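What you see is a predicted model; the values in this text were computed from it and never measured.
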Amino acid sequence: MNKNELSGTVRTMPSLPSFSFEGSLVSAPEEAYWTWRNIVSPLFDVAVSDTQAVASFEVEIDSYHFGPLLLGSVAATGQEFRRSPVTIARSGVDHYLVQLYCLGGYVGDAEGRTVHVGPGDLSILDLSRTLHTRAQTFQNLSLVIPRSVLEPLVRKPDGLHGLVLSGRSALGHLLATYLSTVYNAVGSLSSDDGARISNATASLVAACFGPVADAHETTTVAKRAALILTIKRYIDNNLANPSLTVDSVAREFRLSRATLGRMFEPLGGLAAFIRARRMLRCFHQITSSAHSHRSISDIAYSWGFNNETAFSRTFRGMFDMSPREARAEGALAHRTIKHLQLGANGAGQPVLAEWIQYLRI
């Protein structure tokens, strides 16, 4: 590649579809930074420490889409990664992210779990949940797996967020070697070959991280956390049910209101948590082109809000914009994505952001 040019192109290959992007110091690091932010926005909001970091920003990506999975290499200068409730609602991504850090690492918080990853270590993140991490200059292999593929393979799918598998452990070494081997070979695989190994890849991830998840369930604190995760999943699965209330959750799990109150106190209380989850669903549908034919009030009513004025006030308080402003922003983002889909060669190949957002079985 000519280092004097900024490149973000999609290559049409006889095998698996791939995406490459490179931004270098001598080309346009500021442009590389903002382009990178756009590419990775379905997964994270990224930031660097200051303007000097922007002026020296470098990043290289090389990714392959096989079956329902996405595997890629990312090398970049240090930055922060964040998934907030707004990011989660905006992106609609419901996947797991497995990362092998070949160089560098990161530290941070995965919804209450402290995470520390060093060279050679692997981590798994649940992209339906919040996190905030800080990475030094790094190079990693990243594997994106839809929840529907990995969840049936593990006993505690809600216990995976923020788990770290040491590269010095037997399972860590096995998974790291496998991911490196697949990445080195994936460029020569046919689409059929890629689809065939996708299930094996997900199964190996489950086999390696599953024991780690089980180990975290051995303490009382972890068991309590697992119960909270189970209650959260029950709530998410029943948000459209108008009878979902604090009392109904208490009956379902045979817990007192006081116990539930203590469990969800860090999240503002159970009633506030249910309201916030419903609001996230509203945000996603209001900004989605698939629901553009529906009125904002219809969407709000369908998720249990029966007062449009109160809904708009709560929406603005949570997202710092009105429902109408969110719909306008969503429409603009959708048009931008459609424009980016054309790629550099005009062939209509999807860019990396689209692959991430729309990975499906």
Would a hydrophobic clustering, with Ile, Leu, Val, Met, Phe, Trp and Tyr connected at side-chain separations under 4.5 Å, put Phe315 with Leu239?
yes
Would you say the side-chain atoms of [X] pair up with the backbone N or O of [Y], donor to acceptor, closer than 3.5 Å?
| X | Y | value |
| --- | --- | --- |
| Arg134 | Gly108 | no |
| Asp121 | Gly167 | yes |
| Arg113 | His161 | yes |
| Ser288 | Gln285 | no |
| Arg83 | Leu127 | yes |

So Phe44 and Thr133, do their side chains get closer than 4.5 Å, heavy atoms only?
no
Does any part of the side chain of Val54, heavy atoms only, come nearer than 4.5 Å to the side chain of Val48, both counted from C-beta?
yes
What's the separation between atom [atom1] in [X] and atom [atom2] in [Y], rounded to the nearest 0.5 Å?
| X | Y | atom1 | atom2 | value |
| --- | --- | --- | --- | --- |
| Ser180 | Leu175 | OG | CG | 9.0 Å |
| Arg327 | Arg294 | CZ | CZ | 9.0 Å |
| Ser142 | Gln99 | OG | CD | 4.0 Å |
| Phe311 | Tyr301 | CZ | OH | 10.5 Å |

Could you tell me how the ring of [X] sits relative to the ring of [Y]: parallel (under 30°), tilted (30 to 60°) or perpendicular (over 60°)?
| X | Y | result |
| --- | --- | --- |
| Phe319 | Phe283 | tilted |
| Phe138 | Tyr101 | tilted |
| Tyr234 | Phe253 | perpendicular |

Partner of Asp236 under salt bridge (Lys or Arg N to Asp or Glu O under 4.0 Å), chosen from Arg277, Arg129, Arg278:
Arg277
Let's go through Ile231 and Leu255 carefully: what are the C-alpha distance in whole Å and the side-chain angles of both, what is the deciding distance for side chain to side chain contact (heavy atoms under 4.5 Å, CB included) to 0.1 Å, and is it a yes or a no?
CA-CA 11 Å; Ile231 295 172; Leu255 298 170; 4.0 Å; yes
I'd like to know whether Ser84 forms a side-chain hydrogen bond (donor to acceptor under 3.5 Å, both in side chains) with Thr87, so could you lay out the CA-CA distance, the side-chain angles of the two residues, the decisive distance to 0.1 Å, and finally the verdict.
CA-CA 5 Å; Ser84 67; Thr87 313; 3.0 Å; yes
Evaluate whether atom CZ of Arg324 has more than 12 neighbouring non-hydrogen atoms of other residues, nucleotides or ligands under 6.0 angstrom away.
no
Within a reach of under 6.0 Å around NE2 of His291, are more than 12 heavy atoms found that belong to other residues, nucleotides or ligands?
yes
Please walk me through it: do Ser128 and Arg147 pass side-chain hydrogen bond (donor to acceptor under 3.5 Å, both in side chains)?
CA-CA 9 Å; Ser128 70; Arg147 178 178 303 279; 2.8 Å; yes
Test Ser243 against Asn241 for side-chain hydrogen bond (donor to acceptor under 3.5 Å, both in side chains), laying out the working first.
CA-CA 5 Å; Ser243 65; Asn241 185 345; 2.7 Å; yes
